[in-house]
Amino acid sequence: QVQLVESGGGLVQFGGSLRLSCAASGNIFSINAMRWYRQAPGKQRDLVAAITSDGSTNYATSVKGRFTISRDNAKNTVSLQMTSLRPEGAAVYYCSADLSVPPLTHRLYSDWGQGTQVTVSS
């Protein structure tokens, strides 16, 4: 059984910073890409940032230069450092990981966390 658990959400002022973390646990064989998504009320879930197992990153245009994704492969964690937060950054943030578990170690599937709420006050 695999679990992805996000933490670090909360209330932050306009222009402030927040760091989100996500830990994957369970009988994991490998983790490839890890991603952060966000979903505001009434809107679709959008990709915010992604990082591969070798550390290559990509970002949504709206967060480039303000958000930084990183991971610790030894701990199966991924983080999202968010700075200069704007009201449009208020959303539920979800982490996702492409991973494999025994015995089907060659087969990747995507798993999701339950999300963590980020609220930005103006």
Side-chain angles (χ1 to χ4, degrees):
Q1 199 81 352
V2 174
Q3 268 195 317
L4 274 68
V5 179
E6 301 97 336
S7 61
L11 175 65
V12 62
Q13 285 190 330
F14 177 87
S17 299
L18 207 59
R19 184 178 182 86
L20 306 181
S21 296
C22 173
S25 62
N27 193 16
I28 298 169
F29 178 75
S30 68
I31 302 178
N32 282 21
M34 302 185 82
R35 304 176 184 89
W36 285 98
Y37 289 78
R38 66 186 179 190
Q39 186 168 23
K43 297 194 174 181
Q44 67 181 23
R45 189 173 298 187
D46 291 326
L47 177 66
V48 175
I51 185 168
T52 64
S53 56
D54 64 0
S56 297
T57 59
N58 67 75
Y59 298 90
T61 302
S62 61
V63 307
K64 273 183 183 176
R66 299 185 298 116
F67 289 13
T68 303
I69 188 171
S70 60
R71 65 189 284 174
D72 185 330
N73 290 333
K75 296 181 179 179
N76 289 340
T77 59
V78 62
S79 297
L80 185 69
Q81 178 67 48
M82 305 184 292
T83 64
S84 302
L85 277 160
R86 304 166 180 169
E88 58 265 31
V92 178
Y93 284 71
Y94 298 90
C95 76
S96 171
D98 296 340
L99 48 86
S100 65
V101 297
L104 301 176
T105 58
H106 62 287
R107 183 174 294 178
L108 289 173
Y109 76 100
S110 294
D111 211 339
W112 293 80
Q114 293 299 307
T116 185
Q117 177 72 52
V118 172
T119 303
V120 182
S121 64
S122 54

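You'll find the side chain of Leu20 stays beyond 4.5 Å of the side chain of Val78, heavy atoms only. Side-chain contact check for Gln39 versus Asp46: every heavy-atom pair is 4.5 Å or farther apart. Residues Phe67 and Val48 have side chains in contact (heavy-atom distance under 4.5 Å, counting atoms from C-beta outward). Side-chain atoms of Leu99 and Leu4, non-hydrogen and from C-beta on, do get closer than 4.5 Å to each other.
For the 3.5 Å distance criterion, the side chains of Asp98 and Ser110 qualify, holding a donor opposite an acceptor. One side chain, Ser30 or Ser100, offers a donor N or O that lies under 3.5 Å from an acceptor on the other.
The structure places CD of Gln3 at 5.0 Å from OG of Ser25, a figure rounded to the nearest 0.5 Å. Distance CE/Met82 to CH2/Trp36: 8.0 Å, rounded to 0.5 Å.
Every residue meeting the side chain to side chain contact (heavy atoms under 4.5 Å, CB included) condition with Thr83, not counting sequence neighbours, appears here in chain and number order: Ser17, Arg66, Gln81.
Put simply, the side chain of Tyr59 gets close to the backbone of Ile69: a donor and an acceptor are under 3.5 Å apart. Glu6 places a side-chain N or O within donor-acceptor distance of the main-chain N or O of Gln114, the cut-off being under 3.5 Å. Checking side-chain atoms of Arg71 against main-chain N and O of Ile51 turns up a donor-acceptor pair under 3.5 Å. Using a distance-only test at 3.5 Å, with no hydrogens or angles considered, no donor-acceptor pair links the side chain of Thr119 to the main chain of Leu11.
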- Should Gln1 and Asn27 be marked as a side-chain contact (heavy atoms from CB on, under 4.5 Å) after you check the CA-CA gap, both sets of side-chain angles, and the distance that decides it? CA-CA 6 Å; Gln1 199 81 352; Asn27 193 16; over 6 Å; no
- Task: Take Leu18 and Val118 through the side-chain contact (heavy atoms from CB on, under 4.5 Å) test and state the conclusion after the steps.
- Result: CA-CA 9 Å; Leu18 207 59; Val118 172; 4.0 Å; yes
- Item | Candidate pair Leu108 and Asn32, rule side-chain contact (heavy atoms from CB on, under 4.5 Å), full reasoning | CA-CA 8 Å; Leu108 289 173; Asn32 282 21; 3.3 Å; yes
- Would you please test Tyr93 and Cys22 for side-chain contact (heavy atoms from CB on, under 4.5 Å) and show each step? CA-CA 10 Å; Tyr93 284 71; Cys22 173; over 6 Å; no
- Message: Trp112 vs Tyr37, test: ring-ring contact (aromatic ring centres under 6.0 Å, His included). Steps then yes/no.
- Response: CA-CA 10 Å; Trp112 293 80; Tyr37 289 78; 4.8 Å; yes
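Across Gly89 and Arg38, no two heavy atoms sit closer than the pair CA-NH1, 3.7 Å. In terms of heavy atoms, Ile28 sits closest to Val2 at CG1-CG2, 3.9 Å. Of all heavy-atom pairs spanning Met34 and Asn76, the tightest one is CE-O, 4.4 Å. Here the closest non-hydrogen pair linking Ser62 and Arg86 is O-NH1, 3.9 Å. Nearest approach of Phe14 to Ser122, heavy atoms of both residues: CB-CA, 4.1 Å.
Geometrically, Arg45 engages Tyr94 in a cation-pi contact defined by less than 6.0 Å to the ring centre and at most 45° from the axis.
Remark: Gln117 CD is packed, more than 12 non-hydrogen atoms of other residues, nucleotides or ligands lying under 6.0 Å away.
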